[in-house]
Amino acid sequence: MPRTPAKKPKGKKPSIPPFRRNMRSFFGGPSFFGNLTTTVLIFLVLMSAYSLFSGLVEPSSDIPLSVVAADVAAGKVQSITVRGDSLDLVYTDGAEKTSRKDPSAGLPETLATYGVTPQELTKVSITIQGQSGFEFWFLTLAPIVLPLLFIAFLFWFLSRQVRGAGMQAFSFGQSKARVTDPADLSQRVTFKDIAGAREAKEELLEIVDFLKSPKKFLDIGARIPKGIILMGAPGTGKTLLARAVAGEAGVPFFSISGSEFVEMFVGVGASRVRDLFQLAKKAAPAIIFVDEIDAVGRVRGAGVGGGNDEREQTLNQILVEMDGFEPTEKVVVMAATNRPDVLDPALLRPGRFDRRVTIDLPDRRDREEILKIHARTKPLGPDVALAVIAERTPGFSGAELYSLMNEGAILAARENRKEVTQYDLIRSIEKVMLGPERKSHLLTKKEKELTAYHEAGHALVSSILPNADPVHKISIISRGRAAGYTLKLPFEDKKMQSRKQFLDDIAATLGGYVTEELLFDDVTTGPSNDLMVITALARDMVARYGMSERMGPIAFGERNLGNEPYSEQVAAQIDAEVARIIDEAKSRAKKVITEHRTALDAIAKELIEKETVERHEFEKILIANGITPKKKEEEPGITIAPVGSGDIA
Ligand code: ADP
Ligand code: ZN
Ligand code: MG
């Protein structure tokens with residue numbers, strides 16, 4: 001057991017590349033016209049176009065009409081072409097000039113007023129050319145319309161900029177949902193990308209069918225569930241499954257996270273929900289996915305100090321939208337949570353999230369499949385045996401296995417190798433479980449001795465007590481927050497744990513503390529985490545699992561302020577039982593340590609020398625001291641591989 005606070009980081013999310021990395025933002029995303037430079041460029045183009053066209057309207061080389069009249073009278077002009085109010089003159093000597101006239105008067109009248117006689121005019125050939133309609137309108141309207149267009153563009157652009165800068169004021173209520181387009185193959189996830197989770201996939205296949213051909217179902221009057229809630233530990237692939245349903249059915253996937261609602265002002269969450277449902281209905285058939293729904297869907301009014309208004313309004317809006325669905329609406333709402341126990345019962349009523357799909361932690365076979373999926377893109381060395389890795393990782397979630405594979409590849413790349421080896425993967429198991437090794441964290445000689453004895457204590461008690469898990473590895477190299485650790489792994493994944501196993505576990509976990517107390521006549525802060533773990537376990541045994549004979553088979557639950565399902569006396573009795581269980585376990589650990597003192601010394605000595613002791617070396621020490629190591633019970637033909645948890649003690 002880690003000597004300093006460091007539990008197996010079960011709740012800790014491993015570093016997963018952000019799922020929605022490539023997801024296009026539906027609203028308020030990066031502006032279409034990236035930046036200010038573009039604005040300026042567009043502005044310049046518009047301006048030059050404008051001046052070009054206004055230039056056409058008013059050519060600069062015009063000669064006055066009086067000169068035109070004089071030249072016509074003098075017989076110098078050969079021809080005049082009239083286009084609207086502009087005149088193109090060709091002189092007898094070949095010169096070309098332009099002029100313009102009053103648009104309301106004809107050319108002959110205009111010239112007559114300047115004193116040109118009809119005889120003089122007949123010498124000039126006059127052609128009247130109509131302006132093309134487009135040219136006319138463009139020239140007339142451009143000076144008015146272009147500036148207006150420009151101003152409109154500027155407004156639009158600015159409003160986008162503001163939104164992009166994250167000023168919620170402008171995007172109030174607009175759904176922050178991300179949408180995945182089914183046509184975008186690079187983001188498509190299908191059931192093939194998910195290993196294990198067979199029951200969940202089977203359940204969801206029905207939804208896929210419906211979304212693919214809703215008519216078939218609607219014609220026969222079948223009502224498809226509106227809401228499906230995915231429940232499972234963090235990293236078991238809930239989000240992945242929801243995306244795969246959309247991918248399999250080829251429908252748009254709108255996703256939003258419950259925690260995003262909570263941060264907003266009152267009323268905004270509700271209007272977001274409204275927007276989201278509206279968008280999805282327009283795109284139907286579609287999937288709406290509410291991740292971490294427990295963030296908004298907690299039991300209402302619970303807890304001290306009243307509920308959170310915003311949360312309640314958001315939750316109410318989700319319920320209203322779901323109740324308002326027509327039976328013909330082809331929108332399926334999926335939600336995910338790892339805390340189904342805290343969900344508001346209103347969410348789970350028929351017609352809402354009435355379908356529940358549980359996703360378990362993967363068993364050994366599934367772990368191997370998951371590893372295979374994530375090994376697809378990584379060249380593996382010939383020595384890699386994923387089955388062995390799967391066997392050594394009970395309790396790992398899909399996300400942790402993904403991390404493990406990734407860490408392995410990182411190790412190989414850092415050592416400039418082209419292939420991932422088995423050793424890379426083995427090293428990664430502990431890295432994912434406990435955090436990276438901290439070789440720089442130097443222990444003093446005394447600390448090193450203490451840590452070695454502490455871990456040896458765990459390992460020894462685990463090996464002697466019949467129901468404790470066998471030891472896989474002991475180390476006094478600090479990792480994450482732990483100064484040392486003893487890695488115990490069950491031979492098989494365990495779905496259920498018995499009272500005897502719990503009791504032996506508690507004793508083994510106390511092995512470190514007891515050793516410190518016995519040998520050094522003192523205790524350190526080191527085992528604080530061990531103590532937290534066993535106290536919680538002992539309390540669960542008494543109050544949750546009915547494993548205390550004195551208290552009987554009653555699940556007492558938690559006793560909080562405002563929630564007092566049992567009396568003060570019962571609470572005191574529970575405390576006494578917890579203390580008794582721990583006390584008895586301590587005595588048993590003490591007995592083991594005292595009786596096998598020579599073995600303890602041998603293990604500690606080996607640890608101080610080598611810092612890390614692997615299973616086979618450890619077993620040699622046990623045998624040398626007359627202890628039979630635990631052996632796996634072979635049951636040929638039958639593989640029991642239910643879910644269980646790895647344990648570090
Ligand atoms: P959750 O939503 O349940 O917390 P995610 O769906 O976000 O978990 O899973 C995180 C990552 O873990 C996924 O992107 C995937 O890479 C990996 N993963 C989880 N479960 C599986 C699985 N059954 N098969 C393959 N990969 C998985
Ligand atoms: Zn410990
Ligand atoms: Mg998730």
Side-chain angles (χ1 to χ4, degrees), residues 1-7 11-21 189-198 200-201 230-244 255 257-259 289-295 334-339 357-363 365-377 396-406 450-459 461-462 474-476 482-488 508-516 523-534 589 647-649:
M1 202 32 90
R3 289 193 58 254
T4 41
K7 223 190 142 197
K12 196 187 102 198
K13 283 200 182 145
S15 50
I16 314 161
F19 224 149
R20 302 156 172 152
R21 193 170 43 189
V189 179
T190 63
F191 283 163
K192 274 210 206 81
D193 300 310
I194 304 173
R198 274 174 298 273
K201 280 195 219 169
L230 302 172
M231 308 188 298
T236 42
K238 298 179 294 294
T239 310
L240 197 65
L241 258 172
R243 280 165 56 80
S255 83
S257 171
S259 54
F289 179 59
V290 187
D291 211 347
E292 301 170 46
I293 195 165
D294 46 290
M334 296 182 79
T337 180
N338 46 35
R339 300 288 318 272
V357 175
T358 308
I359 307 167
D360 288 322
L361 283 170
D363 60 24
R365 256 201 335 244
D366 292 344
R367 287 198 299 273
E368 191 177 339
E369 294 304 314
I370 295 175
L371 286 168
K372 273 187 198 154
I373 284 184
H374 294 296
R376 274 186 207 154
T377 52
F396 269 45
S397 68
E400 282 168 320
L401 292 168
Y402 168 85
S403 261
L404 187 160
M405 216 57 208
N406 195 44
L450 194 100
T451 307
Y453 268 100
H454 177 104
E455 298 304 332
H458 284 311
V461 179
S462 288
I474 325 169
S475 173
I476 54 166
Y485 58 94
T486 300
L487 194 61
K488 299 185 304 173
T509 307
L510 271 171
Y513 176 92
V514 168
T515 307
E516 285 187 35
V523 282
T524 63
T525 53
S528 69
N529 188 65
D530 291 352
L531 304 187
M532 257 158 53
V533 171
I534 57 158
D647 216 356
I648 322 149

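These values consider heavy atoms only, across backbone and side chains, with no hydrogens, waters or symmetry-generated copies. First listed ligand is number 1; within each ligand, the first listed atom is number 1.
Side chain of His458 to backbone of Ala508: a donor-acceptor contact under 3.5 angstrom is found. Put simply, the side chain of Glu369 never gets that close to the backbone of Ala195: no donor and acceptor are under 3.5 Å apart.
Considering backbone and side-chain N/O of Tyr402, none are found under 3.5 Å from N/O of ligand 1. At least one N or O atom of Gly235, backbone or side chain, sits closer than 3.5 Å to an N or O atom of ligand 1. For ligand 1, the polar-atom distance check finds no N/O of Pro234 at less than 3.5 Å from any of the ligand's N/O atoms. At under 3.5 Å, a nitrogen or oxygen of His374, whether backbone or side chain, sits near a nitrogen or oxygen of ligand 1. Between Ile373 and ligand 1, no N or O atom pair is found at a separation short of 3.5 Å.
Between Glu455 and Ser475, every side-chain heavy-atom pair lies at or beyond the 4.5 Å cut-off. No side-chain heavy atom of Glu292 sits under 4.5 Å from any side-chain heavy atom of Thr337.
Between the NE2 atom of His454 and the OD2 atom of Asp530, the angle taken at the Zn ion (ligand 2) works out to 100° after rounding to 10°.
Ligand 1 lies nowhere less than 4.0 angstrom from a heavy atom belonging to Asn338. Residue Ala195 places a heavy atom under 4.0 Å from ligand 1.
Listed by number with element, the atoms of ligand 1 under 4.0 Å from a non-hydrogen atom of Asp193 are 24 (N), 25 (C).
Between the choices Leu240, Ile194, Thr337, the shortest heavy-atom distance to atom 27 (C) of ligand 1 belongs to Leu240.
Listed by chain and number, the residues in a side-chain hydrogen bond (donor to acceptor under 3.5 Å, both in side chains) with Thr236 amount to none (sequence neighbours excluded). Legend: residues meeting salt bridge (charged side-chain N to carboxylate O under 4.0 Å, His left out) with Asp366, ordered by chain and number and at least two apart, are Arg198.
A salt bridge between Arg365 and Glu368 is absent, with no side-chain N of the basic residue lying under 4.0 Å from a carboxylate O of the acidic one.
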